[in-house]
Asks: 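Could you have a look at this structure, given as structure tokens, before my questions?
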Amino acid sequence: MAGKKRPPTALAEPEVAAAAEEEEAAAKPAPAAEAPAKKKKLAMERKKQRKEIDKERHRQSAESDAAAAKPKQPAEVAPEAAAAAAPPPVIPVVSGPGLHMNVFRDLASPEASQREAAAEALVAELRQVQVAHEKGGRKEGESEAEGGDGSSRMEAEKDDGLENCAPSVRYAIRRLIRGISSSREFARQGFALGLAVVLESIHAISVEAIMKLIPNLLEYSASMRGPEAKDNLLGRLFGYGSIVRSGRVSGQWAHEEGSPIVKDFVDEVVKLGSKKRYLTEPAVAVILDLAGKLPEEAIISEILEAPSVQDWFNRATDAGDPDALYLALKLQEKTNAQKEIFGKLLPYPFSPEGFFAEEHLLSIAACFKESTFCLPRIHSLWLVITDMLVREAASQSDIATSSSKKHKKNKKGSSSEDTKKNLHTFCEVIIEGTLLLSSHDRKHLAFNILLNLLPRLSPSSIQVILSSKVVHGLMDVLSNESSWLHNAGQHFLKELVSLVSDDNDRRVAVITNLQKYTGGRFDCMTKTRTVKDLVAKFRSGQDCLCLVQSLMSLFVDESSVTDEPSDQSQTTDENSEVGSMEDKDLFGQGSADLLKSWIVTTIPCVLKNLKLTSKGNSLTDSEMVKCIEEKFLVQTEVLKFLAVQGLFSASLGYEVTSFELHEKFKWPKPAISTSIRNECIEQLQFLIEDAQKDEALHISEVKSNDLGFYFMRFINTLCNIPSVSLFRTLSSNDDNAFKKLLDVESLLFYEERKVGPGLDSTKMHAMRYLLIQLLLQVLLHPDEYWEAAIDVTICCKKSFPSIVQNDKSSGQPSNEGVEVFNEDGPGKSNKDGPEEHNDDASEDSNEDGPLEFMDVLVQTFLSVLPHVSGPVCFSIEQVFRVVCDEITETGLLDMLRVVKIDLKGSCRQSGSDDDEDDACVDIEDDDETIVEDAEVGDTDSAADGLDEEMDDDSADEVDEGQDDLKESVAHESKDGDVAEVTKDGDDSDDSDGMDDDAMFRIDPYIARIFKERNLPGSETKQSQLMRFKLRVLTLLEIYLQRNTGNNLVLEVYSFLMQAFVKSHSADGSEQFKQRIGGILQKRIFKAKDYPKGDGVELSTLESLLEKALKLASRSRYTMVASVAQNAAFWLLKIINSKSHSKQELVSVVEKFQYILTDYFNNKKSRLKLGFVKEAVRRNPWIGEELFGFVLQKIGCTKAEYRRVQTLELVDCILKSWAGDDSSASKVLKKHLSQLCELIQEVLTKIPENKSRRQEVRRFCTRVLQTVTKLNLKDRFQKKLNPETLSLCEAQLGAAFVRFQK
């Protein structure tokens, strides 16, 4: 029945016709013409009929075999009884051996275990059938043939070489051969397995017969196309593989002397492999599988010397056949044959050195190029090549290890060199010269080969394969995202990073090569973070030290960089995307400096991976000490490198040995450029700054890890080596400053160790690091900072007299030529050069003491802050933090004036001496003027402002014309006096209303800002001035943190408020606005302490309060108004802290009355009554004084909204009296009449707006409640006239009725 499942015990009834029909239908091509189609149809019909005949014949043969295997029945048993005992034909039950259908079905199972079980069951059944067939004898077989039908006779007539096999075995063989051509599920694998085990188990099957039967059953012709042709070819290949796996070929050759079976089989396989390209490599695998079962002499005589193989080898070099080369290498590995039987594929005699020779690799380069046909899979040839390269290294290493001790090092060294040579030649000829210069597919293949090599190579070998061309090719691929190779490049980079992530030496090798051949710009050019992420993986002290030392070696020795070709296009072909011209220029002459710059920048960054703060508080003291010592070790190595390369040069040669330090120092043979030396000095400054920041984490057990001390001693030591000198010759001034900085720092260090922990020790420590930073600044900028450096050394001696005494007692000669404090402060030096006199005497003759010391120190700070680097600013901040308590008013005012400086007309206000007597200039003037101009629309003033801007621009152009003259004068000046030079110049900003003398006399430290020329790409004058202001604000914030209760805070507030307002009115920097606003809010208004005592005059507070109130009521800037309101609250808090009488506070109340009058009468007023209400809530006495005034003025208010808002103010004043009924009653009695009039007026002009009307009624109700509470009900009612009474009854309703009861 159709659809009925066959029982598992059913005998084999081959049903391959339907499957064959389906396969034929699938493989049947569409006819191109009628005649060919008809012929093909007839051929297919004949094939179908032939299969049906075979099916019927196999069924009958299976039944006859089953009947012959049954035991003979007794004679007395009748045939009818035997027939009755036979099973029904639909579900036959077999008691003897037979072939079951389910084994073929299970051979195609996806499960490997199920396929293996099916193969074992098939072998077991066929073995039983074959044994039964052989026992039956030939006679019975002949009788069966004579008595059988026509199909059986046709089976016997077939000359397929399987005459000795049972019909079931014949059927199974044919079924298995057809099955290996099926692409259904895992049929090909399962049926090949079944064929192999059947051939291995049943020796009656002839191997020659199977070799003939496979191509007969799996027909193929050149005209065949589509899946049928592919399936038949693959079926043949799997069939030959099964024959080899069965071991019958090798076994037959071993038993039959002179048997041609191996050569015949190899010829068939080679012939099959030549039909299609995709068959060649698996055909080689079949031959190699056979070779593995043969002895060495058989491989040479039967395989290598086979005509087909020899012909193949001879054609392979010219044709570029990777499979032939693969076969030759594998057979050479198995036989180690030293015969000239491999054609040109292998050198004769064979050796790894000969194979990897440049000449031989060039001859077989075509074979490597053609191996890309199987991408994305890598051809097996490359696995052999990889093994040869790696195995060569291992074998040579073993030879070196097993050799005698005398020659051990020599052999090991030679083996390493030979391995590197082979690897280098292979990469240069094949990877770089063949694959990378070819198509995209071959570039992709090159990257895959390198990925296979990398995990098995040593770090030194990794540097060989990551050559210049490989890195440039990778960069070319990654820099072009539109290329389809971009994904391949990303994959290579990802795998490369993954391979080296856990090995420091490999990681260092990759980082070094990637950066060496890209000028330190690999990440930039490829738009990745590869190098940065690899550097970040160095976390321990030893790991970081390994990377630092490698980068130092790369910095000093760059011969490999200059030897490499610089043309990026060498790694591209006509189909590759060529980088931009800017990218190509990268690999030119400037590449070395770019690489040096990257090394100088990266080496200090390694220390960031060792930050102790990232580990939290989980470390014990001993662990912390160990971590600090490890970091200090890395810091010293980095410091020595930067100092040697940045500050010094060797007079003779490029190497210097220090016997005192027991170290050898090297310099690059090409002279280091000035820009690289400057970068080294800058990185030194950052390194010392970081060390100073990390000192807060150092515990008491670590005392010797003072990086600043180590640096100064290191500088002293190198200066004392005769063959080492500073990288440039210092001028007399710079040389004097350099020596004094060294001497004073040394004195401070020993004094710091002597005095022990404390405030003085902290001051000395901060001063020492400032001296170190100034020393580097003097070397970095010739003839610019020597004055400031000398002034700081003098300040140190005046602040710490003990170091002067120690200097005298030690007998050290004092350096001559020290500048003393003059009346003009820093920046004013003697034109005739430094005076020769004793430093100590000059300092002792100065009688001003600490006052002058702090003024000069502040002036020195201000003179260097505009242009010094960030680390110097940090050191200045640390010094200022410990000495700011001693600052004088003069020094503080000098700092505050800087905040108000502007490059335009506002400089006039900040620089005028008249402003010093006044607490501050009119804060609201600029803001108020802008508001009025904006609202009135004064076009004349706008035009005037535009004209002023044009005048300023023209003046700037004249200034630029004078810059060259002034710069030449500056260079000729020996004392570096910026102020004097600028005085001689003629450029002056006419818009300032001041000449140069006046400007520089007020602000000598910004003279350079006005003098400097704006070069393309450089900072503008405004940006330099803004940076200066921000740095001074940092110092002011430090002062406010420690001195919030000082009376000078009022001065700070006044100047900061002016600068804050001007920054808004002049459209200043947003950062500057936020910074000043934050300091005012956090450090002054919200500080825990505030100025107190008799030192603060009330008149000053009143003046400041008046300006704050005007800003709060008139400023059009929300932030300015908010800050002004908080300022008013803060000033009122200070006023309240002083015991003033009411008469003295009248003027304070008048200030509030003024802004309220403006609010009532002027629409331009921006006063928020919420501010006044808050002031009343905090200061009830102000409400008492304003109560009558507000009642009087509220009626004059024209705007309904403001009148209703004022009612809320009155209500707030009434609420502020809570708890003080006596004073409230007195005030209310005095103003009862005005209150009644107010109620009458507001109820008469009741608003139409619902919410405002409710607010008016609510106010009147609260007034009635307050009057009742203060027992003034009777007086209030007497003051009410009849009209007001009726209005209250009409508008207030029940609330007024309750009041009357």
Asks: Think R236 forms a cation-pi with Y220, using NZ or CZ under 6.0 Å from the six-ring centre and within 45 degrees of its axis?
Replies: no
Asks: Taking everything shown except E111 itself, do over 12 heavy atoms lie less than 6.0 Å from its CD?
Replies: no
Asks: Locate the shortest heavy-atom distance separating N164 from H133; write the atom from each residue and the value.
Replies: O-CD2, 3.9 Å
Asks: Side-chain contact, heavy-atom cut-off 4.5 Å: F104 with F191?
Replies: yes
Asks: Set out, in order, the CA-CA distance, both residues' side-chain angles and the distance that settles side chain to side chain contact (heavy atoms under 4.5 Å, CB included) for E120 and V197, then state yes or no.
Replies: CA-CA 8 Å; E120 292 177 359; V197 295; over 6 Å; no
Asks: Check the pair L288 / Y326 against side chain to side chain contact (heavy atoms under 4.5 Å, CB included), numbers first and verdict last.
Replies: CA-CA 10 Å; L288 292 176; Y326 171 55; 3.8 Å; yes
Asks: Can you tell me if S259 uses its side chain to pair, donor with acceptor, with the backbone of E256 under 3.5 Å?
Replies: no
Asks: How about F368 and W382: do any of their side-chain heavy atoms sit closer than 4.5 Å?
Replies: yes
Asks: Verify the neighbour count for atom NZ of K263: are there more than 12 heavy atoms of other residues, nucleotides or ligands below 6.0 Å?
Replies: yes
Asks: Run V123 and E200 through side chain to side chain contact (heavy atoms under 4.5 Å, CB included) and show every step you take.
Replies: CA-CA 9 Å; V123 169; E200 181 182 5; over 6 Å; no
Asks: Please say which of I385, T317, I364, V384 ends up in a side-chain contact (heavy atoms from CB on, under 4.5 Å) with L325.
Replies: I364
Asks: I'd like to know if the side chain of E370 and the backbone of G320 have a donor-acceptor N/O pair within less than 3.5 Å.
Replies: no
Asks: Could you grab the distance from atom CG of L237 to atom CG of L218, nearest 0.5 Å is fine?
Replies: 11.5 Å
Asks: Got a donor-acceptor contact below 3.5 angstrom from the E281 side chain to the S380 backbone?
Replies: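 Yes; judged by distance alone, with no hydrogens or angles, the pair exists.
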Asks: Among all residues two or more places apart in sequence or in another chain, which pass the salt bridge (Lys or Arg N to Asp or Glu O under 4.0 Å) test with K334?
Replies: none
Asks: Side chains of Y171 and L176, heavy atoms from C-beta outward: is any pair under 4.5 Å?
Replies: no
Asks: How about C165 and I205: do any of their side-chain heavy atoms sit closer than 4.5 Å?
Replies: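 Heavy-atom side-chain distance check passes, below 4.5 Å.
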Asks: Can you name the nearest heavy-atom pair linking A172 to L126, along with the distance?
Replies: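 Nearest heavy atoms, A172 then L126: CB-CD1, 3.5 Å.
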Asks: For the residue pair S109 and Q114, confirm or rule out a side-chain donor-acceptor distance under 3.5 Å.
Replies: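 A pair is found: one side chain offers a donor N or O, the other an acceptor, under 3.5 Å apart.
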Asks: So I341 and V309, do their side chains get closer than 4.5 Å, heavy atoms only?
Replies: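 Answer no - side chains too far apart.
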Asks: Would you say the side chain of L279 lies within less than 4.5 Å of the side chain of L234, judging by non-hydrogen atoms?
Replies: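 Yes. Closest side-chain heavy atoms under 4.5 Å.
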Asks: Roughly how far, to the nearest 0.5 Å, is CG of L345 from CG of L327?
Replies: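 Separation between the atoms: 9.0 Å.
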Asks: A side-chain contact here means heavy atoms from C-beta on lying under 4.5 Å apart; do L122 and D106 qualify?
Replies: no
Asks: Working to the nearest 0.5 Å, report the span between NZ of K212 and CD of E268.
Replies: 10.0 Å
Asks: Just so I know, are the side chains of F238 and I177 near enough to count as touching, which here means a heavy-atom distance under 4.5 Å?
Replies: no
Asks: For K230, does the NZ atom sit with more than 12 other heavy atoms under 6.0 Å from it, leaving out its own atoms?
Replies: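 No, the 6.0 Å shell around NZ holds no more than 12 heavy atoms from other groups.
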Asks: Without swapping roles, check the side chain of R115 against the backbone of P110 for a donor-acceptor pair under 3.5 Å.
Replies: yes
Asks: Of all heavy-atom pairs between Y240 and F265, which one has the smallest distance, and what is that distance?
Replies: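 Closest approach of Y240 to F265: O-CZ, 3.4 Å.
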Asks: Roughly how far, to the nearest 0.5 Å, is the CG atom of L290 from the CD1 atom of I243?
Replies: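 One gets 10.5 Å once the value is rounded to the nearest 0.5 Å.
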Asks: Are any side-chain N or O atoms of T280 and backbone N or O atoms of G273, one a donor and one an acceptor, separated by less than 3.5 Å?
Replies: yes
Asks: Can you measure from OG (S246) to CD1 (I210) and round to the nearest 0.5 angstrom?
Replies: 9.5 Å
Asks: So does E163 pair up with R170, basic N to acidic O under 4.0 Å?
Replies: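 Here E163 does not pair with R170 in a salt bridge, since their nearest N and O are not under 4.0 Å apart.
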Asks: Keeping the roles fixed (side chain from S182, backbone from G179), state whether a donor-acceptor pair exists under 3.5 Å.
Replies: no
Asks: For R277, I'd like to know if atom CZ has over 12 heavy atoms of other residues, nucleotides or ligands within 6.0 Å.
Replies: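 Check passes, neighbour count above 12.
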Asks: Is S201 reaching over with its side chain to a backbone N or O of V198, donor-acceptor style, under 3.5 angstrom?
Replies: no
Asks: Can you run down the salt bridge (charged side-chain N to carboxylate O under 4.0 Å, His left out) pairs that involve residues 309-331, sequence neighbours left out, and say none if there aren't any?
Replies: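 Listed by first then second residue: D311-R315, K330-E333.
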Asks: Looking only at non-hydrogen atoms, find the nearest pair between S181 and N232 and report the distance.
Replies: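 For S181 and N232, the tightest heavy-atom pair comes out as CB-OD1, 4.0 Å.
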Asks: Do you know the tightest heavy-atom contact between S250 and L294?
Replies: CB-CD2, 3.7 Å
Asks: Hey, are D289 and R245 close enough for a salt bridge, meaning a charged N less than 4.0 Å from a carboxylate O?
Replies: yes
Asks: Using residues 297-308 as the side-chain source, report each donor-acceptor pair under 3.5 Å to any protein atom, sequence neighbours left out, with the distance given to one decimal.
Replies:
residue	atom	partner	partner atom	Å
S301	OG	E297	O	2.9
S308	OG	D267	OD1	2.5

Asks: Given the rule in the side chain to side chain contact (heavy atoms under 4.5 Å, CB included) test, do V284 and V269 qualify, once you have shown the distances and angles that lead to the verdict?
Replies: CA-CA 8 Å; V284 171; V269 175; over 6 Å; no
Asks: Indicate the atoms forming the closest heavy-atom contact of M211 with I261, along with that distance.
Replies: SD-CD1, 3.7 Å
Asks: Working to the nearest 0.5 angstrom, can you tell me the gap between K293 NZ and R248 CZ?
Replies: 13.5 Å
